[in-house]
Amino acid sequence: MEHNGSGEQPPEPEGRATGGLRVKRGLAEMLKGGVIMDVVTAEQARIAEDAGAVAVMALERVPADIRREGGVARMSEVSLIKEIMAAVTIPVMAKARIGHFTEAQVLQALGIDYIDESEVLTPADEEHHIDKWAFTAPFVCGARDLGEALRRIGEGAAMIRTKGEAGTGNVVEAVRHMRAVCGGIRHLQSLRRDELMAEAKRLQAPFELVLEVAETGRLPVVNFSAGGIATPADAALMMQLGAEGNFVGSGIFKSEDPSRYAKAIVAATTYYDKPELVAEVSAGLGRAMRGLDVATLPREELLAARGW
Amino acid sequence: MTGPVIGVLALQGDVREHLAAFERCGARATAVRLAAELDAVDGLAIPGGESTTMSRLLGVFGLQEPLRRRLDQGLPCLATCAGMILLSREVRDGRADQVALGALPITVRRNGYGRQNESFEADLAIPRLGPEPFRGVFIRAPVVEAAAPEVDVLALHDGHPVAVAYGGHVATAFHPEMTRDDRLHRLFLERVAGRVRAA
């Protein structure tokens with residue numbers, strides 16, 4: 001023991017508990033106000049960390065490429081995940097397919113910091129999501145509205161992100177879903193207690209969680225935005241709408257200058273309510289990723305519709 | 001209402017929890033993201049979060065130099081987890097460009113307890129706060145590997161200091177703001193009040 005400090009030292013208590021609810025939800029609390037960036041190589045992970053990302057999401061293809069190339073999208077290759085974990089000092093997240101609990105087991109065995117049960121990958125189960133209480137690794141799940149968010153939290157998700165429509169560079173669905181979650185919470189707060197059971201039935205959400213949200217005015221876990229954020233102004237928009245942080249996928253590494261884009265989106269997420277500062281970081285960034293009009297996408301290509 | 005104003009550095013991290021804890025203690029607390037906001041506070045909480053991200057954001061709109069100046073003038077800080085890393089003199093396993101403000105003469109190792117799967121809770125004995133143990137929530141926490149002799153060690157876990165005091169500062173490797181136990185926030189407020197009275 002190298003430290004010395006003061007002469008009088010307190011006694012040491014015994015025991016530590018890992019994998020509990022508070023440390024699972026707690027890591028997400030520490031990411032608040034930050035940007036989590038999709039990366040497909042160790043080099044991209046380093047660029048993201050340099051730019052001030054609070055975490056990186058390791059995946060094989062960014063959503064824009066999954067959308068373009070098609071095929072089955074699965075959990076990333078294990079050696080790629082390991083390379084990315086070795087490349088950076090910030091938390092590393094990785095995606096498992098909806099319902100694919102053995103992909104999640106593998107990610108937990110790798111020591112990944114957060115598992116994203118993600119609609120961006122091809123679902124493995126069209127009826128059941130993963131029982132996330134069975135894991136010590138924390139999970140983040142997508143949601144389009146309050147009921148979906150509370151169902152995922154009921155299954156053990158320790159963090160929520162609104163789904164948006166990944167890989168489009170179009171923020172319209174992210175806005176829709178964030179407004180639905182936050183508006184749903186405000187609506188709950190306006191109800192009498194004897195109206196909450198009927199509302200739980202309508203939301204198809206666990207009653208206890210409905211009660212809790214009605215009382216506290218917020219989800220019991222952190223809620224980030226995701227799916228279509230492509231510019232600093234998009235990031236600031238989602239924060240003003242009530243997001244506690246942003247996931248940015250294709251928006252960074254599909255832009256003309258990823259490092260500058262990443263830094264600008266990080267700054268805009270922190271200074272989201274200071275338009276003059278968002279303007280300052282937005283100047284001279286070069287081209288954003290090319291976007292897609294969500295309204296022209298065939299229904300079967302919508303990723304947000306995966307999971308329930 | 002008069003009395004000291006506590007800033008919470010709000011670049012990123014669990015800012016809301018610190019603001020709520022100070023509010024429960026009856027203190028005035030405000031978020032700080034700009035140099036002008038830093039001027040108005042008598043004490044500063046540096047929250048949990050990612051120290052690399054906060055390091056970068058300190059530089060984006062010129063907060064780092066004003067913060068260093070205020071620290072030189074004796075601004076007391078409550079620094080938790082990432083905050084403790086930022087306030088320390090030496091950071092191991094950090095990034096080359098990581099900010100170490102140097103106001104706290106300790107050496108920390110980032111993520112010294114390991115990744116998230118090693119994040120844990122444990123009861124801590126902090127005799128200064130009374131006999132009741134303090135529930136320590138450690139999330140990808142730093143390990144204090146060395147502390148100058150003049151640093152006051154408030155609590156140990158696994159042979160390493162996890163809560164320290166030095167000058168006006170109180171720093172922890174864990175997250176007191178994540179519990180409803182506000183005793184460390186109150187200890188910090190006493191130190192701030194002492195400094196405001198002395199000034």
Side-chain angles (χ1 to χ4, degrees), chain A residues 1-20 22-27 29-35 49-55 85 88-92 108 110-114 136-138 218 222 244-245 263 266-267 269-271 273-274 277 280-281, chain B residues 10-17 33 48-50 52-53 55-57 60-61 81-82 93-95 97 106-107 110-111 114-128 133 137-140 144-161 164 175 178:
Chain A
M1 194 169 67
E2 202 186 324
H3 75 87
N4 31 31
S6 60
E8 221 182 310
Q9 300 212 326
E12 283 189 56
E14 292 294 309
R16 55 166 80 175
T18 56
R22 190 147 53 177
V23 296
K24 288 159 83 174
R25 291 182 177 179
L27 178 54
E29 302 284 354
M30 301 310 146
L31 303 178
K32 280 189 297 197
V35 180
E49 186 182 45
D50 285 344
V54 287
M85 287 170 69
V88 293
T89 64
I90 54 178
V92 178
Q108 176 169 277
L110 288 172
I112 204 85
D113 294 298
Y114 240 94
T136 52
R218 65 162 59 100
V222 167
E244 296 182 282
K263 287 174 186 166
V266 167
T269 299
T270 292
Y271 295 97
D273 56 349
K274 308 269 184 214
L277 301 184
E280 195 177 322
V281 299
Chain B
L11 298 173
Q12 185 272 314
D14 69 338
V15 176
R16 189 177 68 219
E17 286 70 18
R33 285 179 297 171
E50 278 305 315
T52 53
T53 303
S55 287
R56 228 203 87 69
L57 285 164
V60 174
F61 292 114
C81 195
D93 286 351
R95 289 168 46 84
D97 58 356
I106 61 172
T107 298
R110 263 189 81 211
N111 304 333
R115 307 191 72 95
Q116 172 64 10
N117 51 8
E118 302 294 332
S119 292
F120 66 98
E121 291 187 39
D123 280 334
L124 307 171
I126 311 185
R128 192 78 51 90
V137 182
F138 294 78
I139 297 175
R140 290 173 52 99
V144 177
E145 293 196 331
E150 59 272 27
V151 170
D152 188 2
V153 175
L154 302 176
L156 289 170
H157 182 77
D158 264 4
H160 292 282
V164 299
H175 294 281
M178 285 206 65

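These figures come from a predicted structure and were not determined experimentally. Chain letters run A, B, ... following the sequence lines, proteins first, then strands; residues in each count from 1. Just the heavy atoms: all of them, side chains too, but no hydrogens, waters or symmetry mates, feed the values below.
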Salt-bridge contact B:Arg95-A:Asp50 (side-chain N to carboxylate O under 4.0 Å): yes
Side chain, backbone, both or neither of B:Asp14 within contact of chain A (heavy atoms, under 4.5 Å):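 Looking at B:Asp14, backbone and side chain both touch chain A.
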Interchain contact, B:Ala10 with chain A, by part (heavy-atom threshold 4.5 Å):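 Contact with chain A involves the backbone of B:Ala10 alone.
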Atom pair CZ/CG of B:Arg33 and A:Asp273 - distance to nearest 0.5 Å: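 Separation between the atoms: 4.0 Å.
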Spatial distance of atom CG (B:Leu11) from atom OG1 (A:Thr269) [nearest 0.5 Å]: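 Output value for this atom pair is 12.5 Å.
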Pick from [options] with the largest number of heavy-atom pairs that fall under 4.5 Å of chain B:
{"options": "A:Ala53, A:Gly52, A:Ala267, A:Gly20", "result": "A:Gly52"}
{"options": "A:Thr270, A:Val266, A:Asp113, A:Ile90", "result": "A:Asp113"}
{"options": "A:Gln108, A:Arg218, A:Lys24, A:Arg25", "result": "A:Arg218"}

Contact leader toward chain A among B:Arg128, B:Glu17, B:Arg16, where contacts are heavy-atom pairs under 4.5 Å: B:Arg16
Options B:Asp97, B:Asn111, B:Val137, B:Thr53, ranked by heavy-atom pairs under 4.5 Å with chain A, top entry: B:Thr53
Which bit of [X] is near chain B, if near means a heavy-atom gap under 4.5 Å: side chain, backbone, both or neither?
{"X": "A:Glu244", "result": "side chain"}
{"X": "A:Ala137", "result": "neither"}
{"X": "A:Ala55", "result": "neither"}

State, yes or no, whether a side-chain contact exists between [X] and [Y] at a heavy-atom distance under 4.5 Å.
{"X": "B:Gln116", "Y": "A:Tyr114", "answer": "no"}
{"X": "B:Asp158", "Y": "A:Arg16", "answer": "yes"}
{"X": "B:Arg115", "Y": "A:Val92", "answer": "yes"}
{"X": "A:Thr89", "Y": "B:Asp93", "answer": "no"}
{"X": "A:Glu29", "Y": "B:His175", "answer": "no"}
{"X": "B:Phe61", "Y": "A:Glu280", "answer": "yes"}
{"X": "B:Met178", "Y": "A:Met30", "answer": "yes"}

N/O donor-acceptor pair under 3.5 Å between B:Arg140 side chain and A:Leu27 backbone: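 Flag not set: sc B:Arg140 to bb A:Leu27 has no pair under 3.5 Å.
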Main-chain N/O of B:Glu118 paired with A:Thr18 side-chain donor or acceptor, under 3.5 Å: no
Closest contact, heavy atoms only, B:Glu50 versus A:Pro91: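 Closest approach of B:Glu50 to A:Pro91: OE2-CD, 3.3 Å.
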